[in-house]
Peer 1: 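I have a structure here, written as structure tokens, and I will follow up with some questions on it.
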Amino acid sequence: MDATTVANLRRLMDYEAARTAPPRDFPSLPDLPGGRYTDPRFAALEKEQLWRRSWLLAGHLDELPRPGSFKLWEMAGQPIFLVHARTGEINAFYNTCSHRGAPVVTEESGRRARFTCKYHGWVYDDEGRLQSIRDAADFADLDFSCRSLRRVRCERHGKLLFVNFDDAAPSLAEWLGVIADEFAEFRFDATRLVDHYVWDLDCNWKIAMEANMEVYHVPNIHPTTVAVGLDHRRNVNSFYRHGHGRMVAPGWADKAPASDYRAAAVAGTARPEIAGVGEIGRTCTQSYNLFPNWVSPLGPSGYFILNFWPNGIDKSKLEVWWFGPDWGEGPRPAYWADTITYLNSVLREDTEFGRWIQKSQESWGFQGVPLSYQEARIYHWHQAADALIGPERIPPELRVAPVIGAD
């Protein structure tokens, strides 16, 4: 960030701390319809429109380090696999043989030069092209060029790998917009994959995600963890196209920001940092939500990305990715264990309450959600969801009014 942007954010932090009401020109937010969390019709629209047409984080280049490396990916409910091709590109394909639909890949990950369907032995290369079949003489006039594996769009931001099931969707660069430039200081092109794991949760995926899109809950849910190091009353929210958002909140005057997650040096070795992270990234919690399911507080000594996935209406999966500066050869440094343990304790504070919220939202007493100014990023997200789904497809009682304008 340049000096002008930093100064403006500092000014806005002071404004947030001093205000006694929402900004005069900020729109009143109508209640979110409760059925958006519990109605099977809305869940079906999410599946057919939202997940199908958004850019989704599917992997990291460290998982596919050499040509032939591959991984299965099914988090969005579609069976696909990613492969590091000999051209150097990362390709993604539906894991569906063009013969009778059997899977071409059945291992979670590995490395191979060709992909052979175990059912009838049809063989494909790393560009998805059909190379050979058994008993070819029995297939009259079979045109191999029409029988390739079906591609899924796959694009990179740094070492992050994204997929999109919609051929008409904007490019990943267009989807990210100016956020791509704001990410530059955190070096997604150079940081290494430190850890990756998935938790099963007993709540709708949006309940879990929205807990990480506002700081209104921090004093109650995190009184001895996040609240100790984050001044939630100075939080500044920003809105971007496509439903993305950002929050910036400083630490208290005498404490480090909550997103820093610094661990003590181990065996006298100082913890390395990402070169180039600016003042705001070093002194504040700088957290982004990327539509539809990404939340990432970023910091100078490493950071995590949270992805939230539906697993039915009342179940979800929380995927956690950890990234940090390159440490060279050998296993990851020992200090990461303390850092990850601390974050997991914070995530448990957020997620353990989700099952109680789920029960309450399924009750006859739950009709809608009145959001505060501090929670406006959530409303902005729901507006973007309706715009992508198409308001005309959504039952009137489940729609949100587009009251947050481009200004």
Side-chain angles (χ1 to χ4, degrees), residues 1-32 178-179 181-183 185-186 209-241 243-262 277-290 295-300 303 346 349-350 369-384 400-407:
M1 293 184 186
D2 59 33
T4 300
T5 302
V6 172
N8 189 49
L9 279 171
R10 295 294 186 189
R11 179 183 61 80
L12 287 170
M13 290 176 197
D14 291 340
Y15 165 79
E16 291 291 340
R19 66 176 175 81
T20 57
R24 183 180 56 191
D25 296 329
F26 196 81
S28 177
L29 302 178
D31 287 12
L32 294 177
V178 298
I179 290 177
D181 296 329
E182 295 178 14
F183 277 171
E185 63 185 289
F186 296 101
M209 180 179 69
E210 290 169 6
N212 291 273
M213 290 175 63
E214 45 85 5
V215 292
Y216 185 46
H217 72 286
V218 165
N220 284 65
I221 298 298
H222 308 295
T224 62
T225 53
V226 179
V228 174
L230 184 144
D231 185 352
H232 78 283
R233 291 299 304 172
R234 292 181 180 270
N235 177 53
V236 176
N237 286 314
S238 300
F239 305 100
Y240 301 80
R241 293 183 61 210
H244 310 320
R246 184 190 68 191
M247 61 156 278
V248 175
W252 298 102
D254 59 342
K255 295 181 176 66
S259 69
D260 207 2
Y261 296 113
R262 294 175 188 269
V277 175
E279 176 188 336
I280 295 297
R282 297 181 65 83
T283 62
C284 300
T285 294
Q286 184 173 331
S287 180
Y288 290 82
N289 63 280
L290 296 187
V295 178
S296 58
L298 304 175
Y303 44 81
V346 173
E349 292 173 345
D350 277 321
V369 179
L371 292 171
S372 70
Y373 167 67
Q374 287 190 50
E375 302 162 294
R377 279 195 300 148
I378 295 174
Y379 196 94
H380 179 246
W381 183 97
H382 281 269
Q383 276 193 197
V400 296
V403 297
I404 300 178
D407 58 341

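The figures that follow rest on heavy atoms only: side chains count, while hydrogens, waters and symmetry mates do not. Worth saying up front: this structure is predicted, and the values here are computed from it rather than measured.
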Peer 1: E349: which residues meet the side-chain hydrogen bond (donor to acceptor under 3.5 Å, both in side chains) condition with it, sequence neighbours left out?
Peer 2: H222, T225
Peer 1: What residues, two or more places apart in sequence or in another chain, satisfy side-chain contact (heavy atoms from CB on, under 4.5 Å) together with H380?
Peer 2: F239, I404
Peer 1: Mind checking what makes ring-ring contact (aromatic ring centres under 6.0 Å, His included) contact with Y240, not counting sequence neighbours?
Peer 2: none
Peer 1: Taking side-chain hydrogen bond (donor to acceptor under 3.5 Å, both in side chains) as the definition, give me every residue that meets it alongside Y303, ordered by chain and number, with sequence neighbours left out.
Peer 2: T191
Peer 1: With sequence neighbours left out, what residues match P223 under side-chain contact (heavy atoms from CB on, under 4.5 Å)?
Peer 2: none
Peer 1: Under 3.5 Å, side chain of T5 to main-chain N/O of M1, donor-acceptor pair present?
Peer 2: no
Peer 1: If the condition is side-chain contact (heavy atoms from CB on, under 4.5 Å), which residues does D181 pass it with, not counting sequence neighbours?
Peer 2: none
Peer 1: Can you name the residues that form a side-chain hydrogen bond (donor to acceptor under 3.5 Å, both in side chains) with R233, not counting sequence neighbours?
Peer 2: none
Peer 1: Using every non-hydrogen atom in the two residues, find where A227 and P219 come nearest and quote the distance to one decimal.
Peer 2: CB-CA, 4.3 Å
Peer 1: Just checking R246: does its CZ atom have more than 12 heavy atoms from other residues, nucleotides or ligands closer to it than 6.0 angstrom?
Peer 2: yes
Peer 1: Got a salt bridge between D231 and R234, using NZ or NE/NH1/NH2 to carboxylate O under 4.0 Å?
Peer 2: yes
Peer 1: Can you confirm whether the side chains of E210 and H217 place a donor and an acceptor under 3.5 Å from each other?
Peer 2: no
Peer 1: Hey, are the side chains of V369 and D31 touching, using non-hydrogen atoms and a 4.5 Å cut-off?
Peer 2: no
Peer 1: Under a 4.5 Å cut-off applied to non-hydrogen side-chain atoms, are S28 and V403 in contact?
Peer 2: no
Peer 1: Are the side chains of S287 and L298 in touch, meaning some heavy atoms are under 4.5 Å apart?
Peer 2: no
Peer 1: Would you say the side chain of L32 lies within less than 4.5 Å of the side chain of I378, judging by non-hydrogen atoms?
Peer 2: yes
Peer 1: To the nearest 0.5 Å, how far apart are CG in N289 and CH2 in W381?
Peer 2: 10.0 Å
Peer 1: Do S238 and H244 have side chains that get closer than 4.5 Å, going by heavy atoms?
Peer 2: no
Peer 1: Heavy atoms, side chains only, cut-off 4.5 Å: are I280 and M13 in contact?
Peer 2: yes
Peer 1: Please name all residues satisfying ring-ring contact (aromatic ring centres under 6.0 Å, His included) with F26, sequence neighbours left out, ordered by chain then number.
Peer 2: Y373
Peer 1: Donor-acceptor check, side chain of E214 to backbone of Q374, threshold 3.5 angstrom: yes or no?
Peer 2: no
Peer 1: Could you note down all residue pairs passing salt bridge (Lys or Arg N to Asp or Glu O under 4.0 Å) where residues 369-383 supplies at least one of them, sequence neighbours left out?
Peer 2: none
Peer 1: Before you tell me yes or no, could you show the steps for L371 and L29 under side chain to side chain contact (heavy atoms under 4.5 Å, CB included), namely the whole-Å CA-CA distance, both residues' side-chain angles and the distance that decides it to 0.1 Å?
Peer 2: CA-CA 7 Å; L371 292 171; L29 302 178; 4.2 Å; yes
Peer 1: Please assess V215 against L230 for the test side chain to side chain contact (heavy atoms under 4.5 Å, CB included), listing each intermediate value before the final yes or no.
Peer 2: CA-CA 9 Å; V215 292; L230 184 144; 4.2 Å; yes
Peer 1: Restricting to non-hydrogen atoms, name the atom on G281 and the atom on P300 that form the minimum distance, rounded to 0.1 Å.
Peer 2: O-CD, 3.5 Å
Peer 1: Looking at residues at least two apart in the chain, or sitting in another chain, which of them share a side-chain hydrogen bond (donor to acceptor under 3.5 Å, both in side chains) with Y288?
Peer 2: E182, Q286
Peer 1: How would you list, by chain and number, every residue that makes a salt bridge (Lys or Arg N to Asp or Glu O under 4.0 Å) with D350, sequence neighbours excluded?
Peer 2: none
Peer 1: Walk me through it: do V236 and M247 pass the test side chain to side chain contact (heavy atoms under 4.5 Å, CB included)?
Peer 2: CA-CA 6 Å; V236 176; M247 61 156 278; over 6 Å; no
Peer 1: Show me, pair by pair, the donor-acceptor contacts under 3.5 angstrom made by side chains of residues 17-24, not counting sequence neighbours?
Peer 2:
unit_1 : atom_1 : unit_2 : atom_2 : d
R19    : NE     : E16    : OE1    : 2.6
R19    : NH2    : E16    : OE1    : 3.4

Peer 1: Tell me the closest heavy-atom pair linking P250 and C284, and the distance in Å.
Peer 2: CA-SG, 3.8 Å
Peer 1: Could you tell me whether R10 and E279 make a salt bridge, using a distance below 4.0 angstrom between a side-chain N and a carboxylate O?
Peer 2: yes
